[in-house]
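What follows is a single structure, written as structure tokens, with notes after it.
For the single chain, residues carry numbers from 1 onward in sequence order.
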Amino acid sequence: MPGLLSGPSSRRVFRSFYSVYSHANDNSALQCCRKLSLEARHDHQSLNAPASCRTLSSSPVVFCVNHDFSGQRTDISRLPHSIGAFNNIIVHTNQILKDVESLSTAAVDDFAKALRDALKKWAPADHNAVWLHIDVRHSCLISVAAELGFELHHASGTTVVMTCWMNASRANRIPPYASHQVGVCGCVIRHDTNEILVTKDRHKLPIWKFPGGLSDHAEDIADTAEREVKEETGIDARFKSVLAFRQQHHQPNTFDRSDMYVICRLEAQSHVISMCEHEVLACHWTSLEELLVVEDTTTLSRQMAALLLQGLRDGFETIDISMRQIDSVYPGLTYKLFHRPIKSQSGKT
């Protein structure tokens, strides 16, 4: 039998849910999710079931601890879970509902009962919160969890994450999801002429700016700067330092997230421009002096032009925020540390 998440109904559920919620944690989306989830289940029952059988299967769902489960039935009153940081409970539906894509009415009811009973046991046991990870195949469980006090936290990829705060003696301490987005731009200098690379966006305000864009997941700032310059202009450039960063809030096209923008200094490794016409309206090399006085640019661009002129005059060590890779306290991991040069006791950097 086709899954609950196949066909037009399920696509409507996920299009509506992700358009409302993928970049926010506004629980006003829950009402929409409840309605759409019920619609999808009704459509599946009325359209996909054979004429002789207009009700969903009543066979109970099999709950399992992990994907290696042998098929043996598990007491659903003991909802499989793990213990995470801060003594929080973590539940994954794709670990409980082994290879289940079509949830019958009975299966949804079984899960609701199991979760309700588990909450009663977990609450007095000094657990602060429950993190419920719902696979998109099991989207009808969103409304079930909401009725039990869960709130939407975030959605990413094929997973919706909901939380329930249980510690009645303390205020809810669950942090909100992703408060900022991170953008990076590259101030690319060609040292044979001391010119800088500037672009005009095709789909935004037509003003001269530095090539750049949003950082990908798990992408270093330096890599973002080099990638964005290459994608937009065709210029190969090497990251040298961070010059400055900008923070702003409540700006358009930021998915209601605060915006952190990192301005980097790059050194040109090629000079022939091959711009991406889909994203870029115009692109050329210009002098820093010209960028200081041109009308169709931004205050940020003028400030960076002045800073780079200082670097060319007095040495870039006077303006650079350098990067160092350092071993993390967690074995096998590293991180990037950005800071101004540190002088030794002898006065040397």
Query raised in the report: If we only count heavy atoms from C-beta on, is the E290 to E195 side-chain gap below 4.5 Å?
Result: no
Query raised in the report: Do you reckon L288 sits in the same ILVMFWY cluster as V294, going by side-chain contacts under 4.5 Å, direct or chained?
Result: yes
**Report entry** I196 side chain near W285 side chain, heavy-atom distance below 4.5 Å
**Finding:** no
Query raised in the report: Tell me, do L308 and C187 make a side-chain contact under 4.5 Å, heavy atoms counted?
Result: yes
Query raised in the report: CD1/I142 to CE/M162 distance, rounded to the nearest 0.5 angstrom?
Result: 6.5 Å
**Report entry** Shortest non-hydrogen separation from T233 to C283 and the atoms involved
**Finding:** CG2-SG, 3.7 Å
Report task. Can you measure from OG1 (T297) to CE (M304) and round to the nearest 0.5 angstrom? Result -> 11.5 Å
Requested in this report: Answer with yes or no whether the hydrophobic clustering places F150 together with I96; edges join I, L, V, M, F, W, Y residues whose side-chain heavy atoms lie under 4.5 Å apart.
Outcome: yes
Query raised in the report: Do L214 and L205 sit in the same hydrophobic cluster, where Ile, Leu, Val, Met, Phe, Trp and Tyr count as joined when their side-chain heavy atoms come under 4.5 Å apart?
Result: no
Query raised in the report: Got a second to check how far D314's CG is from I319's CD1, nearest 0.5 Å?
Result: 9.0 Å
Requested in this report: Just do the side chain to side chain contact (heavy atoms under 4.5 Å, CB included) check on L132 and L115 with the steps written out, would you?
Outcome: CA-CA 10 Å; L132 177 60; L115 185 58; 4.3 Å; yes
Query raised in the report: Where do G213 and T224 come nearest, in terms of heavy atoms and distance?
Result: O-CG2, 4.1 Å
Query raised in the report: Would L119 end up clustered with V91 when hydrophobic side chains under 4.5 Å apart are linked, directly or stepwise?
Result: yes
Query raised in the report: Who are the side chain to side chain contact (heavy atoms under 4.5 Å, CB included) partners of D192, not counting sequence neighbours?
Result: R190, H271
Query raised in the report: So, for A114 and L79, which heavy atoms are closest and what is the spacing to 0.1 Å?
Result: CB-CD1, 3.8 Å
Query - Carboxylate-amine/guanidinium proximity below 4.0 Å for K121 and D117 - result: no
Query raised in the report: side chain to side chain contact (heavy atoms under 4.5 Å, CB included) between H191 and I189: does it pass, once the steps are laid out?
Result: CA-CA 6 Å; H191 286 295; I189 296 287; 3.6 Å; yes
Query raised in the report: Under 3.5 Å, is there a donor-acceptor pair between the H180 and Q247 side chains?
Result: yes
Report task. Please tell me if the side chains of E228 and P211 come closer than 4.5 Å, counting only heavy atoms from C-beta onward. Result -> no
**Report entry** Other residues, nucleotides, ligands: >12 heavy atoms within 6.0 Å of H278 NE2
**Finding:** no
Report summary line: Residues L291 and S301: closest non-hydrogen pair is CD2-O, 3.9 Å
Query raised in the report: Checking side chain to side chain contact (heavy atoms under 4.5 Å, CB included) for the pair F210/V198: CA distance, chi angles, key distance, verdict?
Result: CA-CA 5 Å; F210 307 120; V198 291; 4.3 Å; yes
Query raised in the report: Roughly how far, to the nearest 0.5 Å, is CG of D135 from CG of L97?
Result: 9.0 Å
Query raised in the report: Checking N87 side chain against D126 main chain: does a donor-acceptor pair fall under 3.5 Å?
Result: yes
Query raised in the report: Taking only residues two or more places apart in sequence or in another chain, which ones pass side-chain hydrogen bond (donor to acceptor under 3.5 Å, both in side chains) with K200?
Result: D296
Report task. List for me each residue that meets salt bridge (charged side-chain N to carboxylate O under 4.0 Å, His left out) alongside K336, sequence neighbours excluded, and say none if there are none. Result -> D220
Query raised in the report: Judged by atom type as modelled, is there a donor-acceptor pair below 3.5 Å linking the side chain of H153 to the main-chain atoms of P175?
Result: yes
Requested in this report: If the plane angle is over 60° it's perpendicular, under 30° parallel, otherwise tilted; pick one for H92 and H133.
Outcome: parallel
Query - Any donor-acceptor N/O pair, R202 side chain to E277 backbone, under 3.5 Å - result: yes
Requested in this report: Identify the two heavy atoms, one from W165 and one from A171, that lie closest to each other, and give their separation to 0.1 Å.
Outcome: CZ2-O, 3.3 Å
Requested in this report: Report yes if the side chains of N88 and I174 come closer than 4.5 Å at any heavy-atom pair, otherwise no.
Outcome: no
Query raised in the report: Going by an N to O cut-off under 4.0 Å, is there a salt bridge joining D320 and K240?
Result: no
Query - Partner set under salt bridge (charged side-chain N to carboxylate O under 4.0 Å, His left out) for R227, not counting sequence neighbours - result: D216, E219, E231
Query raised in the report: So, S270 side chain and D236 main chain: donor-acceptor pair closer than 3.5 Å or not?
Result: yes
Query raised in the report: Within a reach of under 6.0 Å around CZ of F316, are more than 12 heavy atoms found that belong to other residues, nucleotides or ligands?
Result: yes
Query raised in the report: Does some side-chain heavy atom of V262 sit less than 4.5 Å from a side-chain heavy atom of F338?
Result: no
Report task. Work out which heavy atom in L292 is nearest to a heavy atom in A306; give both atom names and the distance. Result -> CD2-N, 3.9 Å
Requested in this report: Sequence neighbours left out, what pairs pass salt bridge (charged side-chain N to carboxylate O under 4.0 Å, His left out) with at least one residue falling in residues 169-179?
Outcome: none
Query raised in the report: In Å and rounded to the nearest 0.5 Å, what is the CZ to CG distance from R137 to L103?
Result: 9.0 Å
Query - Under 3.5 Å side-chain donor-acceptor pair for N128 and N167 - result: yes
Query raised in the report: Atom CD1 in I207, atom CD in E295: separation rounded to 0.5 Å?
Result: 13.0 Å
Report task. For side chain to side chain contact (heavy atoms under 4.5 Å, CB included), just list the numbers for V130 and M166, CA-CA rounded to whole Å, side-chain angles, deciding distance to a tenth of an Å, and then say yes or no. Result -> CA-CA 8 Å; V130 180; M166 296 188 296; 3.6 Å; yes
Query raised in the report: Do H81 and W122 come close enough that some side-chain heavy atom pair is under 4.5 Å?
Result: yes
Requested in this report: Just say parallel, tilted or perpendicular for the rings of H284 and W208, cut-offs at 30° and 60°.
Outcome: perpendicular
Requested in this report: Could you tell me which residues satisfy side-chain hydrogen bond (donor to acceptor under 3.5 Å, both in side chains) with Q269, sequence neighbours excluded, listed by chain and number?
Outcome: R238
Query raised in the report: Side-chain heavy atoms under 4.5 angstrom apart, residues restricted to Ile, Leu, Val, Met, Phe, Trp, Tyr: same cluster for V229 and L243?
Result: no
Report task. Would you mind reporting whether V144 and V108 have side-chain heavy atoms less than 4.5 Å apart? Result -> yes
